[in-house]
Undergrad: 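Next up is a structure, given as structure tokens.
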Amino acid sequence: MDSLTQSLQKLMPQLTTWRRDFHQYAESGWVEFRTAAKVAEILDNLGYALAMGRDVVDADSRMGLPDADTLAAEFARARQQGAPEKWLSAFEGGFTGLVATLNTGRPGPTLAFRVDMDALDLSEALDDSHRPFRDGFASCNPGMMHACGHDGHTTIGLGLAHLLKQNESRLNGTLKLIFQPAEEGTRGARAMVAAGALDGVDYFTAIHIGTGVPTGTVICGSDNFMATTKFDVRFTGVAAHAGGKPEDGRNALLAAAQAALALHSIAPHSEGASRVNVGVMQAGSGRNVVPASALLKVETRGESEAINQYVFERAQAVIDGAAALYGVKAEMRLMGAATSSAPSPAWVDYLREQASQVPGVRQAIDKVKAPAGSEDATLMMARVQQNGGMASYMVFGTDLSAGHHNEKFDFDEQVMAVAIETLARTALNFPWTRGV
């Protein structure tokens, strides 16, 4: 057993404690105040230089931000739930990202690793068949649950920080650990990219656990994420008496319904897979009132950025046409975005070499053919690659108690050690003098 594996065995009780704490105090996108403050405190104690809040999150590039009252209420709750006061203020207002930097003082490139911190807007199962409830660490925040493994991702980032600092004398160049808010809904990465958090990064790796990949398998270059655009549409018409003066009304509900049906009729693209989905429609105020308002929550996806853009542009035309047909106004608000993934082949090869050395890894492969959703770390990958660097996305397989985004989701915590050791080897075995 080598020193990394031994170090991880000693660290495992702490990793479990961190993961279960984050799980119990789940916080959804842009309100990860307690989580971010706890992470900052741990990283500071390890000796990392921290950039936080507005320094790494661009205000105007945030998408799907809760309203001011919600942000204030969640900030107050984080304080009540023990968020370290020294660090809490940096994240106020929904600026819940941070970047930890370890500069070795020796020449070399910059390696960056990204993990996400947010929970889902989901109520956790509270019965004895669900381990987090049975063992006393189910979410105490109603309507918020770590049902996708981001509590594990955050813990992996902290465990990696621990091992890198412990082995700092073996490193060169600069190491960056990026803790991203609001991945769910693909809302957070764009703001960190816009703030320059990825500038200067030469080698970038983002990670996920689970996603249907079996225990012992590591995907080193996941390339099946779809580009996506997520948006809300607010239709505004004119209310009127449905029996007495219907001709005076402008029916927002019918405009939304017309748009919903037409959106699902957008022609597919010959060059690859495309998707469109109307997930929510809310409209009307009363049985005898011509509806004056309606809301659609919509997403488009494409196998490539170009295909997604095609679907999105057609969707805009459909919405404008439906609004014109019923004489109402349509206002669109962007809520999330991601691009497709194109891992750098040489970096994927290197990651596979490192993963293959880790105890518990039975196979390390480039990719799988199974379809995937979307992931906004792709925007970070694209920025690094645009600047001449290399990037990839890794998935660490693990047994799950239920599927992702399910109220009984849980995972085998041993996967955290596998991921941490793989990423630590990626940095410690890096050929600093010549690159990959």
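Every value quoted in this text rests on a predicted model; they were computed, and no experiment measured them.
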Undergrad: Among residues two or more places apart or on two chains, list those pairs meeting ring-ring contact (aromatic ring centres under 6.0 Å, His included) that have a residue in residues 67-99.
TA: Phe33-Phe75
Undergrad: Within the structure provided, determine whether Tyr203 and Phe430 are in side-chain contact (heavy-atom separation under 4.5 Å).
TA: yes
Undergrad: Restricting to side chain to side chain donor-acceptor pair (under 3.5 Å), what partner residues turn up for Gln316, sequence neighbours left out?
TA: none
Undergrad: Under the salt bridge (charged side-chain N to carboxylate O under 4.0 Å, His left out) definition, can you give me all pairs with a residue in residues 409-431, not counting sequence neighbours?
TA: Asp2-Arg425, Arg19-Asp410, Arg19-Glu413, Arg20-Glu413, Arg131-Asp410, Arg131-Glu413, Glu421-Arg425
Undergrad: Just grab all the side chain to side chain donor-acceptor pair (under 3.5 Å) pairs involving residues 38-47, residues at least two apart or on different chains.
TA: none
Undergrad: Quick one: list whatever passes ring pair (Phe, Tyr, Trp, His ring centres under 6.0 Å) with His153, sequence neighbours left out.
TA: His150, His208
Undergrad: So, using ring pair (Phe, Tyr, Trp, His ring centres under 6.0 Å) as the criterion, who are the partners of Tyr310 when residues are at least two apart?
TA: His269
Undergrad: Tell me, which pairs form a salt bridge (charged side-chain N to carboxylate O under 4.0 Å, His left out) where one or both residues lie in residues 187-215, sequence neighbours left out?
TA: Asp199-Arg383
Undergrad: By the ring-ring contact (aromatic ring centres under 6.0 Å, His included) test, which pairs, at least two apart or in different chains, include something from residues 104-138?
TA: His23-Phe137
Undergrad: Do Leu198 and Arg114 come close enough that some side-chain heavy atom pair is under 4.5 Å?
TA: no
Undergrad: Mind checking what makes ring pair (Phe, Tyr, Trp, His ring centres under 6.0 Å) contact with Phe204, not counting sequence neighbours?
TA: none
Undergrad: How would you list all residue pairs meeting salt bridge (charged side-chain N to carboxylate O under 4.0 Å, His left out) that involve residues 220-231, not counting sequence neighbours?
TA: Asp223-Lys367, Lys230-Glu299
Undergrad: Kindly write out the residues that satisfy side chain to side chain donor-acceptor pair (under 3.5 Å) with Glu353, not counting sequence neighbours, or none if the list is empty.
TA: none
Undergrad: Output all residues satisfying ring pair (Phe, Tyr, Trp, His ring centres under 6.0 Å) with Tyr393, sequence neighbours left out; order by chain, then residue number.
TA: Phe225
